[in-house]
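Structure first, then comments.
In each ligand, atom 1 is the first atom listed, and ligand 1 is the first ligand listed.
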Amino acid sequence: MKNINPTQTDSWRKLGEHFKEIGKLQMKDLFEEDENRGADFSIHWEDFYLDYSKNRITDETRSLLLELARECKLEEAISSYFGGEVINKTEGRPVLHTALRAKEDENVTVEGENVLPEVQEVKAKIKAFSDEVIEGSRKGYTGKKFTDIVNIGIGGSDLGPVMVTESLQYYQNHLKVHYVSNVDGDHVHQAIQDLNPETTLFIIVSKSFTTQETLSNSITIRSWFNKTAPEEAVSKHFVAVSSNVEKVKEFGIASENIFPMWDWVGGRFSLWSAVGLSISLAVGYSNFEALLKGAQKMDTHFKDTDFNENIPVQLALISMWYNNFFKAESEAVIPYSQYLHRLPAYLQQAIMESNGKSVDRNGDKVDYQTGTIIWGEPGTNSQHAFFQLIHQGTKLIPADFIGFKHSLFQDKDHHDKLMANYFAQTEALLQGKPEEEVRSELEKKSMSADAIETLLPFKVFNGNKPTNSILIEKLTPESLGKLVAMYEHKIFVQGVIWNIFSYDQWGVELGKQLASKILAEIENNSVENHDSSTKNLLKFFLK
Ligand code: F6P
């Protein structure tokens, strides 16, 4: 990939000038001037309809942003990404989560070897294992069928599987799936307290198999298990997903119970691998496969579609427009589906661990903004929580509204109400409520002129708040796969243009190192040399 400083490009300079001209422009006026704006600024692809017309952009903005993508050699970067080049340079690895969902007859090579046969082998293992557990032919040590699954992992080894399992709850079978992630002992003890060791299967998921939280939780669970079950029972109840086979074996898990993963799959992009075993168990392998198929379709769309009609590319560029020119600090993701309640948390890791970088690909400090802060909650709950700030606060918060044409339980009354809110919010954010409208509303309530003037400023909405509407036919494993892959590629595009390495995460290391040093001090009850704040806190804790 070329290391181009985006701020030194012609298009960036032009975007800066363009911003001065249109920064204050009202979207309302753009809609008035062009009655086809809704259609012009939208993309209809398969069961996805992306409307990005409610953004502070014109035709010229769009062209300049596309020019920026071209100047930053996005097209070449996409070939390097899918072609298995070592684009994660600081860790010396390719980035190939796309290979996990590639069509069987494709050829994806790492160090000269096609990795797809290996991927297929692991998929077959996931299928066989899931089928046996679901139908009950694989049993626990006392011959009983499994009823509960516990996924032990953290970060990418937890957030992806838990987000998908929650999102696809409607498709779930009889197995109850639990997730234990936090090193907080209350998490693990709360999770296992009502479980029956005879009917519970544990999946330890850790790419590195060195993560403190996951190992501590696994040790705690195994000793809880062995309080009632004999040591030999471990092999029937514990499996692991990891790329560190040696460490897994040291932990006492037999080779046949290990599901491998590869260096070229980043943790936060790994739900498509055996890391998704809990998904396959929860909803069955065919649904897991449909999830992968959806992602594969989005990969093809991203790889082969002109940038102008390319969903991840357009979303990435618009988001950069706000981040780098409007100086927006954050972005909200608002799914109008309760099932997607963990999507914002999942995207926080995917986006912020990837693009939260301040050194460019040349190793120089950047002097422009990179990764956005992501947050969100499902609508309509969020409307009754933080929407006040989006509507009337001082910050510009571009938001993605994700909705579905059909609900799963097909309760028309509820779904119409939900979607009325979905449409109303983006329209309200666009239109706002001008002074004249507020005044005439208050006049109708026969308030005095003085009272009206006093209340007026508080009831005015400025509007002009940007949103993307992503409207999808129905929440299915396949459409969810497309949605997640869409955000993965948005991350990639932004990383390429910001000229940063999106696929390492050195920033999480320092805290980990310090925690192990401090743990030793806590265990020895001796506080070493720290700043006075940390020292006092530790003394207070230890007293
Ligand atoms: O927080 C850092 C991190 O390395 C994440 O990137 C990763 O998803 C998580 O820890 C868990 O890592 P592992 O799967 O190796 O236990």
Side-chain angles (χ1 to χ4, degrees), residues 87-97 100 122 126 150-165 179-184 187-188 202-222 238-251 253 257-279 342-357 371 373-374 484 487-488 491-492 495 500-516 519:
I87 62 169
N88 175 1
K89 285 237 167 82
T90 60
E91 294 182 322
R93 297 168 187 167
V95 175
L96 277 176
H97 43 275
L100 301 169
V122 177
I126 298 173
V150 179
N151 186 93
I152 313 165
I154 196 165
S157 299
D158 166 71
L159 283 162
V162 78
M163 179 275 288
V164 173
T165 310
Y179 289 87
V180 172
S181 50
N182 202 327
V183 76
D184 178 357
H187 191 189
V188 59
F202 300 95
I203 312 173
I204 308 175
V205 186
S206 177
K207 182 178 168 187
S208 60
F209 223 78
T210 57
T211 305
Q212 185 203 46
E213 291 90 337
T214 304
L215 295 186
S216 302
N217 284 327
S218 303
I219 290 167
T220 301
I221 288 182
R222 197 176 58 182
F238 286 76
V239 300
V241 181
S242 183
S243 61
N244 194 344
V245 174
E246 284 318 304
K247 282 258 179 230
V248 180
K249 285 191 191 156
E250 265 172 46
F251 184 84
I253 291 182
N257 286 346
I258 304 174
F259 291 77
M261 61 182 292
W262 305 273
D263 257 2
W264 39 265
V265 181
R268 51 193 175 275
F269 303 101
S270 63
L271 70 90
W272 323 98
S273 69
V275 169
L277 184 60
S278 61
I279 304 172
R342 292 298 281 161
L343 181 69
Y346 165 78
L347 290 176
Q348 279 175 337
Q349 189 203 12
I351 296 174
M352 292 160 78
E353 197 165 86
S354 298
N355 285 340
K357 310 287 163 66
I373 299 165
I374 296 296
V484 176
Y487 279 110
E488 287 181 344
I491 294 167
F492 171 79
I500 54 175
F501 287 119
S502 300
Y503 298 99
D504 59 21
Q505 56 285 315
W506 300 108
V508 296
E509 292 306 318
L510 177 61
K512 284 188 198 169
Q513 284 163 9
L514 276 180
S516 65
L519 178 61

* Short side-chain to backbone donor-acceptor contact, Lys357 and Phe501, under 3.5 Å -> yes
* Geometric cation-pi criterion Arg342 and Tyr179, 6.0 Å radius, 45° cone -> no
* **Donor-acceptor contact below 3.5 Å, side chain Thr214 vs main chain Ile152** => no
* Among protein heavy atoms, which sits nearest to atom 2 (C) of ligand 1, and what does the distance come to when rounded to 0.1 Å? -> Val508 CG2, 3.5 Å
* Run down the list Ser354, Gly511, Ser208 and name the one with the heavy atom closest to atom 15 (O) of ligand 1. => Ser208
* To do: Output the list of atoms in ligand 1 that are nearer than 4.0 Å to some heavy atom of Gly156, sorted by atom number.
  => 7 (C), 8 (O)
* Among Arg268, Lys207, Lys512, which residue places a heavy atom closest to atom 4 (O) of ligand 1? -> Lys512
* Numbered atoms of ligand 1 (with element) below 4.0 Å of Thr211, judged on heavy atoms -> 12 (O), 13 (P), 15 (O), 16 (O)
* To do: Decide whether an N or O pair under 3.5 Å exists between Glu353 and ligand 1.
  => yes
* Asked: Is the backbone of Ile491 close enough, under 3.5 Å, to the side chain of Asn355 for a donor and an acceptor to pair up by distance?
  -> yes
* Asked: Does Glu213 reach ligand 1, in the sense of a heavy atom lying below 4.0 Å from it?
  -> no
* What orientation do Phe251 and Phe209 show, parallel under 30°, tilted 30 to 60°, or perpendicular over 60°? -> perpendicular
* Hey, are Ser270 and Ser273 close enough side-chain-wise for a donor-acceptor pair under 3.5 Å? -> no
* Got the closest protein heavy atom to atom 9 (C) of ligand 1, with its distance? -> Ile154 O, 3.7 Å
